[in-house]
Structure formats: C-alpha cells, structure tokens
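Because only heavy atoms are used, hydrogens play no part in the values below, and waters and symmetry mates are left out as well, while side chains stay in. Remember, predicted model here, so these are calculated numbers, not experimental data.
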Amino acid sequence: MVIGAAVVLFIASFLSLFSYDCSGGIDCSRLNSPNAWDSLGLLMSIFLAGIIGAALVIVGRLAPRKVVGLDLGQFGTAFTVFALWTAFWTIIDVSGAGAGLILGLLGTLVLAAATVAGPLVPALKAPLVGAPKPPQAVQPPYGGQPGQGYGYPGAQQQPYGAQPSQGYGYPGAQTGGQQGQQGQQGQQGQQGQQGQGDPAQAQAAQAQQAAPQGGAAPAGDFTPFWFAVPVARPLYGEDGAPNPIAELAPGTWYLAVEQRGQGLIAQTQDGRRGVLQDTTGIQRG
C-alpha cells in the first residue's frame with residue numbers, strides 16, 4: 001500500500017495542477033497548464049515529501065535504525081502527514097484543481113493513513129520481508145528415523161529449565177554409572193575391612209561416602225533452541241538499560257543463544273540480541 005501510494009504521487013507530479021473552463025467560446029488550446037515540476041514549492045512540499053516519507057518508512061521496516069533517538073519510520077510518517085496537510089489546503093485554495101492536485105491529495109491521504117495505522121493494525125505491521133524459518137531436518141531414507149539435530153522442531157523437547165534426560169547412549173551416563181558402582185564397591189570393601197579393625201574408622205568412611213552423593217548434580221550445558229512467545233514481550237539490551245530495544249511478537253520464531261539467570265539471551269530476525277526477562281509460557285520449537 002505504501003509503495004503503491006508513492007507511485008501514484010510520482011505519476012501525479014507530471015499531470016496538470018489546474019483545470020480551466022473552456023465553455024463560452026474560449027480557446028483553451030493555447031493555455032499551458034503547469035505541473036508540479038513547474039512549481040518548486042508544490043513539488044517539494046507535496047509530491048517529493050510524500051515519496052521521501054514512503055522511502056523512509058520502507059527502509060525503517062527493512063533495516064530498523066534510529067536517528068536522533070527516533071526510528072526512520074517515525075520520520076517517514078511525519079513527512080507523509082506534512083504532505084497531506086499541504087495538499088489539503090492547496091486544493092482548497094485553488095479555484096480549479098487539476099488531475100495532478102486531485103491525485104496528489106488522494107495519494108498523500110492513502111500514504112499518511114498507511115504509515116500512521118501501520119504500527120496499530122496487525123495486518124499492516126507485518127514485516128515487508130518474511131521472517132526466516134527454523135531449519136528443517138533432512139529427509140531420512142525410507143525406514144530411517146528422522147534426525148533430531150540443532151533446532152529440529154519435531155524433536156521431543158524438555159520443559160524449559162529441566163535437565164536433559166540421561167538414558168541409554170547419553171554421553172557420560174553409562175560411564176558415570178559404572179564408575180559410581182566401582183567406587184561404591186571399592187568403598188564398601190574398604191569399609192568392610194576397616195569395620196573389622198576399628199568401628200570409628202568405619203563410620204568416618206561412611207560419612208565420606210555419603211558426602212558426594214548429597215551434592216547437587218552439575219547442570220547440563222545450554223543448547224540454543226528456537227522458541228515463540230504467547231504474547232508480545234519486550235526485549236531488553238544486554239547492557240542492562242531500562243528501555244527495551246525490540247519487541248518479540250507472537251507467531252514468530254526467535255533463537256535463544258544463551259541463558260542469563262532466569263531469562264534468555266534471544267536473537268531477532270535482523271540480528272539484534274537482547275535479554276528476554278519473562279520466559280513464562282514460551283513455546284519451544
């Protein structure tokens with residue numbers, strides 16, 4: 001819609017700004033009706049202002065940047081509203097508006113409405129370029145099991161914050177169990193020998209054996225994963241600034257690259273990284 005309105009403005013700049021009443025025997029063939037390129041004030045304040053505003057809005061959606069603390073889209077919205085304001089009062093002031101002014105007013109009206117309502121209407125708020133999808137698993141041969149590598153959406157995911165399962169084939173699970181059994185057997189043998197000689201030494205050995213078993217198991221390494229939020233949530237900067245740098249929207253996949261306390265370090269589609277403090281109810285991909 002924004003691009004179409006900008007194209008209409010560009011075409012309207014070449015059309016005549018004024019119309020003449022040729023009734024009553026007036027010869028209008030010799031009349032030269034000017035267009036916007038013949039009037040620098042109208043060209044800059046209506047037509048080029050609207051086209052520049054549309055370009056700023058499009059660039060602001062493709063590559064969000066800030067100038068003097070404001071987004072490029074906000075500058076573009078200001079340009080389009082100014083173009084509509086000028087076109088409205090210009091067409092009221094003239095006695096006979098031509099096709100150029102009429103199309104200019106309609107183009108700036110549509111352009112200003114689209115840029116102002118863009119952040120408010122979800123359909124207009126959608127990005128111009130589709131968000132990247134999570135990587136899909138490679139199709140296995142016939143009869144094979146699907147791979148469950150990094151980011152595979154179909155894999156069975158553990159709830160957020162849970163420890164990874166240590167079933168058959170888990171690295172360190174079988175080895176740790178064998179070492180634990182060997183250590184217990186060796187300590188029990190030593191305890192039995194010590195128990196025959198001195199009861200005090202046997203009790204000390206039992207206390208040493210129970211000490212490592214009471215400790216907490218080390219947490220597993222963090223593995224990046226794709227996730228989606230149930231509602232819109234702010235994404236804060238890693239430097240601890242109170243103002244959010246982005247907003248995570250529902251229905252879009254984001255990549256969690258690191259865990260920060262109870263929160264997550266998330267990466268958006270445009271490469272920005274920040275801290276998601278509220279991780280309740282997130283859906284893992």
Side-chain angles (χ1 to χ4, degrees), residues 1-19 33-131 231-235 237 241-252 268-270 272:
M1 183 180 293
V2 175
I3 299 176
V7 172
V8 171
L9 277 180
F10 181 74
I11 296 174
S13 65
F14 294 96
L15 302 179
S16 60
L17 296 176
F18 309 104
S19 62
S33 180
N35 56 26
W37 296 93
D38 297 324
S39 176
L40 182 61
L42 292 179
L43 176 66
M44 298 301 298
S45 60
I46 298 179
F47 300 94
L48 289 187
I51 294 174
I52 293 173
L56 290 176
V57 171
I58 294 173
V59 173
R61 290 188 183 181
L62 294 178
R65 295 179 182 177
K66 288 189 175 182
V67 178
V68 197
L70 297 176
D71 295 333
L72 290 179
Q74 294 175 337
F75 280 103
T77 302
F79 269 94
T80 57
V81 173
F82 170 74
L84 173 61
W85 176 266
T86 307
F88 175 75
W89 290 110
T90 301
I91 202 171
I92 288 179
D93 185 55
V94 299
S95 58
L101 278 179
I102 296 175
L103 282 181
L105 177 63
L106 295 178
T108 54
L109 178 61
V110 174
L111 193 58
T115 54
V116 172
L120 305 177
V121 181
L124 299 177
K125 193 177 180 181
L128 299 178
V129 179
V231 294
R233 289 179 180 173
L235 188 69
N243 297 327
I245 62 173
E247 185 181 58
L248 304 186
T252 304
T268 61
Q269 288 80 7
D270 53 12
R272 290 182 294 174

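For the residue pair Ser19 and Ala97, the shortest heavy atom distance occurs at OG-O, 3.4 Å. Pairing each heavy atom of Leu43 with each of Ala36, the nearest pair is CB-O, 3.3 Å. The minimum heavy-atom distance between Val8 and Leu103, with the atom names listed, is CG1-O, 4.1 Å. Pairing each heavy atom of Thr77 with each of Val57, the nearest pair is N-CG2, 4.0 Å. Ala83 and Ile46 get closest at one heavy-atom pair: CB-O, 3.4 Å. Closest of all the heavy-atom pairs between Phe79 and Ala49 is CB-O, 3.5 Å.
Here the CG-CG distance, from Leu84 to Leu109, works out to 5.5 Å after rounding to the nearest 0.5 Å. Rounded to the nearest 0.5 angstrom, Ile245 CD1 and Lys66 NZ are separated by 9.0 Å. From Leu106, atom CG reaches atom CG of Leu111 across 12.5 Å, with rounding to the nearest 0.5 Å. If you take CG on Leu9 and CG on Leu105, they are separated by 10.0 Å, rounding to the nearest 0.5 Å. Between the CG atom of Leu48 and the CG atom of Leu42 there is a distance of 11.0 Å, given to the nearest 0.5 Å. Note that the CD1 atom of Ile52 and the CZ atom of Phe47 stand 13.5 Å from one another [nearest 0.5 Å].
Contact of the Leu248 side chain with the Thr252 side chain is not registered, since no non-hydrogen atoms from C-beta on lie closer than 4.5 Å.
For CZ of Phe75, the number of neighbouring non-hydrogen atoms (other residues, nucleotides, ligands) closer than 6.0 Å is greater than 12.
When atom types are taken as modelled, the side chain of Asp93 and the backbone of Thr90 share no donor-acceptor pair closer than 3.5 angstrom. Checking side-chain atoms of Arg272 against main-chain N and O of Ala246 turns up no donor-acceptor pair under 3.5 Å. Side chain of Asp71 to backbone of Gly73: no donor-acceptor contact under 3.5 angstrom is found.
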